[in-house]
There are 2 protein chains.
Amino acid sequence: MPYSSAHKQQSRERILAAAVDLFCRFGFDKISVAQVMKQANMTHGAFYAHFKSKSALYAQAISYAAMHSLWIREQHNTGSIADFERLIEAYLSLAHVNQFVAPCPLAFLVTDVAHSEPVVREVYQQTLQKMLQAMAKQLALFGLDNSTALAQHILTNLVGTVSIARTLSDQELQISLLDNAKQALFLRLKN
Amino acid sequence: MPYSSAHKQQSRERILAAAVDLFCRFGFDKISVAQVMKQANMTHGAFYAHFKSKSALYAQAISYAAMHSLWIREQHNTGSIADFERLIEAYLSLAHVNQFVAPCPLAFLVTDVAHSEPVVREVYQQTLQKMLQAMAKQLALFGLDNSTALAQHILTNLVGTVSIARTLSDQELQISLLDNAKQALFLRLKN
DNA sequence: GTCTATATGATGATAGAC
DNA sequence: GTCTATCATCATATAGAC
C-alpha cells in the first residue's frame with residue numbers, strides 16, 4: 001500500500017476544509033472542483049479518488065462545516081446563560097460575518113442550499129435540527145420555558161441576521177443589524 | 001420604426017418577470033440566459049437588445065421583484081396594526097415560501113446575492129434600506145417606540161425565517177418555524 | 001427587435017501513466 | 001492516490017440576416 005489510509009484521510013480533510021471556505025465565501029456554483037483542489041494542494045484529477053461528484057462534496061462539506069463552526073465547537077462550554085450570551089455575541093460578530101472565523105454553514109449557505117440537490121438539502125436540514133435540539137436542551141437546563149420554541153426563535157434570528165448582514169457592504173448597517181439582534185435576543189433570554 | 005417602443009417595453013418586462021421567477025426558484029447560476037428567454041417566449045440572441053449582460057439583468061430583476069413583491073404591493077393598505085399583522089401572516093405563509101405568490105427577493109436571494117457582483121449587491125442593499133425606512137415609518141404612525149430598531153428586528157425575522165424555511169423539505173418543521181416567528185412578532189408589536 | 005448560427009471559454013468528469 | 005491530458009457539454013456573448 002503506497003499510500004497509508006491516514007494519508008488519504010488527511011487529503012480528504014484538506015479538500016473538505018477548502019470546500020467549506022470557498023463555497024461559503026464565493027458560492028457552490030462559482031467555485032470549480034479545480035479551485036477547491038488547488039487550495040487543498042492537489043490537482044483536479046485527484047478529486048475523484050475522494051468524492052464521487054461535486055454535489056457529494058457539497059453535502060459532506062456542510063456536515064464538516066457544522067462540526068467545525070464556532071457554535072458547535074463552543075457549545076459544550078456554555079454552562080450558564082452568561083456563557084450562552086457570549087456565544088451569541090461571537091455568532092453575531094463582524095468577525096463571523098466576514099468569515100474570519102469558521103463560518104456557520106446554516107447562515108452562509110441558506111439560499112445556495114435551497115437551490116441544490118436533495119442530498120445536500122437533507123444534510124442542511126439535519127444540521128439545523130441537531131442544532132435546534134442541542135440548543136433547546138441547553139435552554140431547558142437554564143430553566144427556561146418553551147425551550148423548543150425559544151431555540152427556534154434564537155436560531156432563525158442568528159442565521160437570518162448573519163446571512164443578511166453578509167450581503168451588505170455598508171458596515172454601519174451591518175453593525176446596526178447585528179447589535180439590534182443581540183439586544184433583542186438578550187431581552188428574550190431574560191423572560 | 002418596425003417595433004414600437006411600447007413593444008420593447010413589453011418584451012423587457014416579460015424577461016424581467018421570467019428572470020425573477022427562475023432566479024428565485026433555481027438560483028442565478030443554475031439558470032442560463034437561454035432559459036430565461038425561453039420562459040419569456042423569445043430566443044437567446046434577442047436578450048442582448050435589452051440587457052448588456054446577465055449580471056445587469058440580475059440587478060434589475062431584484063428591483064423588479066421588490067416592486068412586485070407582496071409586501072411592497074400591499075404595504076400602502078396597512079392603515080392599522082391589524083392590517084400590518086395580516087401582511088406579516090401573508091409573508092410568513094407556506095404560499096410565499098413555496099413561491100406560489102410573488103417572492104420577496106430579500107428572502108429568496110440572500111446568499112445568492114452575497115456571492116454576486118457589487119452592482120447586484122448594491123441593489124439588494126438599497127432595496128433592504130427602502131423597506132426598512134418604509135416599515136419604520138408605518139410603525140411610527142402606529143405610535144410604536146424605537147420604530148427603526150423594531151423595523152430592523154421585524155425585517156430580519158421575516159427574511160431569515162422565510163429563507164430558512166425554504167431550504168427545508170420537512171413541511172412540519174417549516175410550519176413550526178413560520179408560526180413561531182409569527183407569534184414572536186405579534187408579541188413584540190404589542191409592547 | 002428578433003431570429004439563427006457561431007465563436008470562445010470554462011466546467012464536471014474520465015483515462016491512463018506513475 | 002495523485003498526476004497529466006483529454007472528452008463532452010454547456011455557458012455567455014457576438015455576428016449577420018430579416
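What you see is a predicted model, and the numbers here were worked out from it, not measured in a lab. In what follows, chains carry the letters A, B, and so on, assigned in the order in which the sequence lines appear, proteins first and then strands, with residues in each chain numbered from 1.
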Take atom [atom1] of [X] and atom [atom2] of [N], then tell me their distance rounded to the nearest Å.
| X | N | atom1 | atom2 | result |
| --- | --- | --- | --- | --- |
| B/L57 | D/dT12 | CG | C1' | 13 Å |
| B/K38 | D/dC10 | NZ | P | 14 Å |
| A/F51 | C/dT14 | CZ | P | 15 Å |
| B/R14 | C/dT2 | CZ | C1' | 11 Å |
| B/Q10 | C/dG1 | CD | C1' | 13 Å |
| A/M42 | D/dT2 | CE | P | 6 Å |
| B/K52 | D/dT14 | NZ | P | 10 Å |
| B/F47 | D/dT14 | CZ | P | 11 Å |

Any side-chain heavy atom of [X] within less than 4.5 Å of one from [Y]?
| X | Y | answer |
| --- | --- | --- |
| B/L128 | A/L173 | yes |
| B/L94 | B/F100 | no |
| A/D112 | A/Y58 | yes |

Can you identify which nucleotide, out of C/dT2, C/dG1, D/dT2, has its nearest atom closest to the B/K8 side chain?
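Taking heavy atoms from C-beta onward, the closest nucleotide is C/dG1.
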Could you please name the option among D/dG1, D/dC3, C/dT4 that lies closest to any side-chain atom of B/T43?
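Closest of the options to the side chain of B/T43: C/dT4.
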Taking the six-membered ring of B/F28, is NZ or CZ of B/K54 closer than 6.0 Å to its centre and within 45° of its axis?
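Yes - B/K54 lies over the ring of B/F28, closer than 6.0 Å to its centre and within 45° of its axis.
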How many angstroms lie between atom CD of A/Q35 and atom CG of A/L22, to the nearest 0.5 angstrom?
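Taking CD in A/Q35 and CG in A/L22, the distance rounds to 7.0 Å.
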Can you tell me how far apart OG (A/S147) and CD (A/Q133) are? Round to the nearest 0.5 Å.
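Output value for this atom pair is 11.0 Å.
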Under 4.0 Å between a Lys/Arg side-chain N and an Asp/Glu carboxylate O for A/K190 and A/E85?
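Answer for the salt bridge query: yes.
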Ignoring backbone atoms, establish whether A/S11 has a side-chain N or O less than 4.0 Å from OP1 or OP2 of D/dT2.
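Checking A/S11 against D/dT2: at least one side-chain N or O falls below 4.0 Å of OP1 or OP2.
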Polar atom pairs (N or O), protein with nucleotides 7-12 of chain C, under 3.5 Å:
{"from": "C/dG12", "atom 1": "OP1", "to": "A/K54", "atom 2": "NZ", "distance (Å)": "2.7"}
{"from": "C/dG12", "atom 1": "OP2", "to": "A/V33", "atom 2": "N", "distance (Å)": "2.9"}

